[in-house]
Structure formats: structure tokens, C-alpha cells
Q: 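Attaching a single structure in C-alpha cells format; questions to follow.
Every chain is numbered from 1, with letters handed out A, B, ... down the list of sequences.
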Amino acid sequence: MIEIAILISMYAIGVAMLLSLYRLVRGPEVVDRILALDTFSINAIALLILDGMYLGSEIYFEAALVIAMLGFVTTVVLCKYVLRRDIVE
Amino acid sequence: MNPVAEVILSLLLVVSAFFTLVGSLGLVKLSDFFRRLHGPTKATTMGVGCILVVSVFYHALIGNSFHPRELLVSVLLIVTAPISANLLAKAALSLKLKKRPQCPADETPDPEHLDSPADRRPDEL
Amino acid sequence: MRTRFRSILPSIPLSLMIFVFGILLADRITAGQIVLAGILALVIPQVSRRLEREFARIKSLKPLPRLACVVLYDIVRANIHTARLVLGPERQLKPGWVWVPLDFKNIHGITALASVITLTPGTVSAELSDDRKYLLVHALDLPDPQALIDEIKTRYEAPLKEIFP
């Protein structure tokens, strides 16, 4: 039963990734794109974890942790660039 | 696996995946940037956090060793989501997407707080 | 004696947190991993002491469990609330801005308050005014601004004021 739940969740997360990809491509302002990229990386973490559950492997955790940290740093750096037009002060 | 635990985990998994989907749906559906900001910061963060919690218990129940490591990712997401939301809102305000709401302090400036260096923000972003 | 202890361990909560995270990150807990986490817990606060210019002073931790329960409950409520607002028709939304007046100056307390506001129903904290007296909050659905300010002040700011004086 839980295999079906994992599959349903993977489909839902896939649709969520497509929706944020749409906003990433379409976004009228640059901040919309940054927000979409942030959401996209968080969804990617969820998909990786679900993949690990589906395959019964724990090796995906490291990739998820790296994506979580990189996604946050990317968002912060892009926001600072928009705020200051400069990354290094 | 224990059938009761299986049902609970399945339900939690589907509900959190639904919330993640709603977060991204809000990103597409709503019309203004500040409205769009609400979906991903709350729904997606909590949805993914719950999926990670389910993953910890799933790996413990399936017979792999019990590792609470996935909770680290949850903690990281919950701590960092408000910070990135705050920075995004600041960036959007600086782009003047919407007319900046007037601060009530601006109308009656308090002379004590204008020039005192003690009030300067220490780690200004 | 006390100053020497301070120079070795500048912040006990930070060291404890680094130690726990170091052990959690390890694949399996061995003696080497515990020693490594201990070394990290001693070295990293020495580095971060030079970065931090305003120390967090914690007065009492008594309101913390109750605040954590309130925040967890509100996060669940926030998800259901936001999902209903997102799925419903957009015409019914009345978004708005509120400047919330703050009663305390501690920057760590304000940071905690801003994070809690972002994670709870329908509100995102956007900006802190330069004199740290007001916090700009965006609400997705704002029928009554004064009610929102009162809720934030009684529900989150009062316990945070006890923790961070």
C-alpha cells in the first residue's frame, strides 16, 4: 500500500516541479524567477527522498542535503545581487 | 511492516505531497509577487519536511537501520525558508514592484534614533 | 576561572548543537566520529565568536515548550489556511501590508519573531525598519489589521520577550 502512496506522491511532486518550472520560464520579474528556483530545488529534495524510499536505499540523503544547502545559498546570493547589484561587498 | 503504521505513513505522505503541490500551484495561480510568496514559504516547506519525517520512519520500519539524518534536512529547510522569504520580499520591495508602504516611524522621526551608531544594524544584509 | 572557561567555550548551546549535528551526520556512531564532533564543537565557536558582534542573551527558557507547541500547531493551521486561500477564487483575497510595532530591541528576538511570523497563517515578514521599532508584514488575507497585530503581539511576541530580554 505504501508503494502506491509513494508513487502518487512522486506524481504530485513531479507536477509541482513542472508548475514551478513554468513560473521560472514565464516569471515577469526577476524575483519571481528566484522564488521559482527556490521552490524547484525544495521539490527536487522531496523527489530525491521519495526516490530513495521507492528504491529502498538511503544513499540519496547526501544528495538531498547538498541540494538543500546549495538551494538556500543560491537564493540568498541572487537576492543580494538584486538588492545591491553586487555580490562581494 | 506493521499495517497500522503503513496506513498512517501512507496518509501522511499523500497529504504532505498534496500540500507541496498546492504550494507550487499558488506560485502559478496567484497574480502578484507578494501573494505568490505565501505558497512556497509555508506549504512547500512543511510538505517536504513531513515527507522527510515519513522517510525516517519508513527506513526504520523496512529494516534498514534507524537514521534520524533526514531530520537534519527538515531542520535546515524550516530554519532557512523564512530567511529566503524575507530576502525575496526585500529584493522585491527594492525593485518597487509595489509602492513601498510608508513606515509609521518616518512620519514622526525620533531624533534620538536617527544618528546614534548603536542602532545601526550589525550584520546588515 | 570564569573568563578562562568563557575563552574555551564561548557559547555552550552552540557547541552542544554542533556536537549533536556532527553525530547525526555520521553514517554510524563510532569513537572517531564522537571525537571529531567534539573537536568541531570546540573549534567552530572560536571562529564564530569573531563574526558575531551582538551576543544573544537568554533570560529564561521556561516559555519555550509552550511557544514551540503553539508554533507547531500554527504551522499546521497555516498550511490548511493557505491551501484553502490558494485553491479558492482569487477575487475573495484582500492582501495588505501592516507595520507591526515591536516592544523589544534584541535582534535575535526580532529574528525569531520574523521567522515565526513567516511560518504562521497567511503572513510573511518583509522588512525591519532601520530603528528596529517596526516590522513590515504582508498578509495574504487581511480583513482586520488591528486584530492581526494583536494576535502577533499576544501569541508570539510576549513569550519571545521573556526568552530574549
Q: Please report the shortest heavy-atom distance between A:Glu3 and B:Tyr58, naming the atom on each side.
A: OE2-OH, 4.4 Å
Q: Could you check if a side-chain atom of B:Leu21 sits within less than 4.5 angstrom of a side-chain atom of A:Leu19, using non-hydrogen atoms only?
A: yes
Q: For A:Ile6, is it the side chain, the backbone, both or neither that has a heavy atom under 4.5 Å from a heavy atom of chain B?
A: both
Q: How long is the span from the CE atom in A:Met69 to the OG1 atom in B:Thr80, to the nearest 0.5 Å?
A: 11.0 Å
Q: Out of curiosity, A:Thr39 OG1 to B:Arg36 CZ, how far, rounded to the nearest 0.5 Å?
A: 11.0 Å
Q: Between B:Ala91 and A:Cys79, what is the shortest heavy-atom contact and its length?
A: CB-O, 4.2 Å
Q: Is the number of heavy atoms from other residues, nucleotides or ligands under 6.0 Å of A:Leu55 CG greater than 12?
A: yes
Q: Non-hydrogen atoms of chain A under 4.5 Å away: do they reach the side chain of B:Leu76, the backbone, both or neither?
A: side chain
Q: How long is the gap from CD1 on A:Ile45 to OG1 on B:Thr20, to the nearest 0.5 Å?
A: 11.0 Å
Q: Which bit of B:Leu37 comes within less than 4.5 Å of chain A, counting heavy atoms only: side chain, backbone, both or neither?
A: both
Q: Taking the side chain from B:Glu6 and the backbone from A:Met1, do they hold a donor-acceptor pair closer than 3.5 Å?
A: yes
Q: Mind checking the CZ-OG spacing from A:Arg23 to B:Ser24? Nearest 0.5 Å is all I need.
A: 11.5 Å
Q: For a 4.5 angstrom cut-off between non-hydrogen side-chain atoms, does B:Leu27 reach A:Tyr22?
A: no
Q: How far does CD1 of A:Ile42 sit from OG of B:Ser84, to the nearest 0.5 angstrom?
A: 6.5 Å
Q: Which bit of A:Ile13 comes within less than 4.5 Å of chain B, counting heavy atoms only: side chain, backbone, both or neither?
A: side chain
Q: If you apply the rule side chain to side chain contact (heavy atoms under 4.5 Å, CB included), what do you find for B:Val54 with A:Met53, and how did you get there?
A: CA-CA 9 Å; B:Val54 171; A:Met53 285 165 75; 3.7 Å; yes
Q: For the CE atom of A:Met10 and the CG atom of B:Leu13, what is their distance to the nearest 0.5 Å?
A: 10.5 Å
Q: Taking A:Leu78, A:Leu65, A:Leu35, A:Val76 one by one, which has the highest count of heavy-atom pairs under 4.5 Å against chain B?
A: A:Leu35
Q: Between A:Val31 and B:Ala92, what is the shortest heavy-atom contact and its length?
A: CG1-N, 3.9 Å
Q: Between chain B and each of A:Leu18, A:Ile8, A:Ile67, A:Asn43, count heavy-atom pairs under 4.5 Å; write down the option with the most.
A: A:Asn43
Q: Heavy-atom distance under 4.5 Å to chain B: side chain of A:Thr75, backbone, both or neither?
A: side chain
Q: Can you say whether B:Leu77 sits under 4.5 Å from chain A via the side chain, the backbone, both, or neither, judging by heavy atoms?
A: side chain
Q: Determine the option with the most heavy-atom pairs under 4.5 angstrom with chain B, choosing from A:Phe72, A:Tyr11, A:Phe40.
A: A:Phe72
